[in-house]
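Below: the structure, in structure tokens.
This one's a predicted model, so the numbers in the text were calculated from it and none came from an experiment. Order of the sequence lines fixes the chain letters, A, B, ..., with proteins taken first and strands second; residue numbering starts at 1 for each chain.
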Amino acid sequence: MSARIPLVLLACGSFNPITNQHMRLFELARDHLHQTGQFQVVGGIVSPVSDGYGKQGLVLAKHRIAMARLALQSSDWVSVDDWESQQPDWTETVVTMRYHYGRILKQYQEGTGKDSGPTTNSHHLTSSSPRLKLLCGADFLDTFKVPGLWLDDHVEEVAGLFGLVCVSRGGLEPERAVHESETLSRHWRNIILVREWVRNETSATEIRRALRRGLSVKYLLPDSVIKYIHQHNLYTGDSELKNKDVLLRPLTKQTEMPVKTLDD
Amino acid sequence: MEPQDLTKVVLLACGSFNPITNMHLRMFELARDYLEDTGQYIVVRGIISAVGDGYKKKGLIEACHRVDMARLATDTSDWIKVDAWESQQPEWVETAKVMRHHYKELMTAEQNNDCVDTAKKRRIEATMHAFEDPTSYHTRRDNSPQLKLLCGADVLESFGVPNLWKHEDIAEIVGRYGLVCITRNGCDAHKFIHQSEVLWRHRKNIHVVREWVTNEISATHVRRALRRGQTVRYLLPDPVVSYIQEHGLYSAESEQKNADVVLAPLQRHTGPSSS
């Protein structure tokens, strides 16, 4: 049997707030990737989006980071990275991936004592150098078809160069999303679909709704996170109105640029 | 309504808890939110009562482990407690009897707490007396707690399974005590109530609570994942996951326990005259 390929999983999102379901995605993905016999998952990264994203109800990044850190205190392989959240403007997912991949590769090259020249090009990779894949939920694949949300080049790079690990709840939606996208279907080998058999649909939106209404969210997120939310009085009617009439940053940022694909 | 006018409620959940999952714990939270939101109730306690080994369900591991895990899981709760009485009985105990046991315990505790208050004591004694008469339980006007059975819609459905429940037990559970039923799909619960004469008669005593987050963590799924060496993290509290690993619980072998044994209630209720 050939050596397993070391793999790091990166999850990008609002994490507003982080829930047990987010952490389940990592566990399910790792189990599945190990069962394929091809990969060795060596790390997981939670990367909360920056405040510049402009999503309604998005609380400050410092709080979202703090909550994610508390939640992942008990994990020995998933950690929080605040690079993306500290960028002044929203960062394209592919830019965040490039940053982390560069970092991981540098670490690896230093660790193996290999010449660490300017070789962040994947063509120079050996079979034992680590890979980075984007971890996402089933609904994520659907965002690729929202007009103006993704640049074609970026989808190409995320799916083609890095790859996706998508955890679904048993329906055929992920297969359909791949089928219906030219770019995704071209790179289907690079898209790993993981089945989740437990229907556990804890959305952060529902969590915020419950918190606004004074309902219990215990056992949906770690106690330490719930305590933090109460201490800082985070999710209120007011906080939900943040960015209310603001366009999502990807939609404004990407239309500023002369993108030929949008003229098609 | 003033706080002293609220009816106190104790929620009792009976089941295998093989093992306890976050979903079991969520049911308590959802039920409490719902009942307190009606403005009529204050939920003062939740009790988890694991079934005894005599239940003979397939894959049911020893009660001592199931109770220990439930205790670990409720460690962080300030209102849900585990009670080992049912699990320690040598034979399987009907749920109606478990409810009687806990109701008597509650009344005794009330009496002891307030023995100085003789007026109240008299009221409680009257209640204890009224307890013998099923019709008067809900018409009484005092401040002693009500006991309600907390369950999923599957329990309502199971009332219709032949020989699983005694008719008079169902009548006692829903008529005298009451049910709080957590369901993902309100239609299901209402359908089962509609289709059953006894549930329909006592429908005002059945609270159907909609679950707003689908959180379908079945213990069967958890055991299957454990047998296959898959992770169950974040489906159960971390201390329970550690306990399972330390004791090597839930293997292919443990799943074969009681494999060819008839469930105790079916044995008892199909045998020559029960009770």
Task: Which portion of B:S218 sits near chain A, non-hydrogen atoms under 4.5 angstrom - done: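 No part of it gets close to chain A.
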Open item on the list: Less than 4.5 Å apart, side chain to side chain, heavy atoms only: is that true for B:T231 and A:L28?
Closed with: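 Heavy-atom side-chain distance check fails, nothing below 4.5 Å.
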Task: Student check: side-chain heavy atoms of B:Q230 and A:Q35 closer than 4.5 Å - done: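 A side-chain contact under 4.5 Å exists here.
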Kindly compute the distance separating [atom1] ([X]) from [atom2] ([Y]), expressed to the nearest 0.5 Å.
X	Y	atom1	atom2	answer
B:L235	A:N20	CG	CG	8.5 Å
B:Y234	A:R24	OH	CZ	10.0 Å
A:Y219	B:T76	OH	OG1	4.5 Å

Above 12 or not: heavy atoms from other molecules or residues under 6.0 Å from [atom1] of [X]?
X	atom1	answer
A:H179	NE2	no
B:H194	NE2	no
A:R103	CZ	yes
B:K81	NZ	yes
A:K62	NZ	no
A:K55	NZ	no

Task: Under 3.5 Å side-chain donor-acceptor pair for A:S74 and B:R233 - done: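 Distance-only check passes for A:S74 and B:R233.
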Open item on the list: I'd like to know if the side chain of A:K218 reaches the main chain of B:L25, judged simply by a donor and an acceptor atom lying under 3.5 Å from each other, with no hydrogens or angles considered.
Closed with: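 No; judged by distance alone, with no hydrogens or angles, the pair does not exist.
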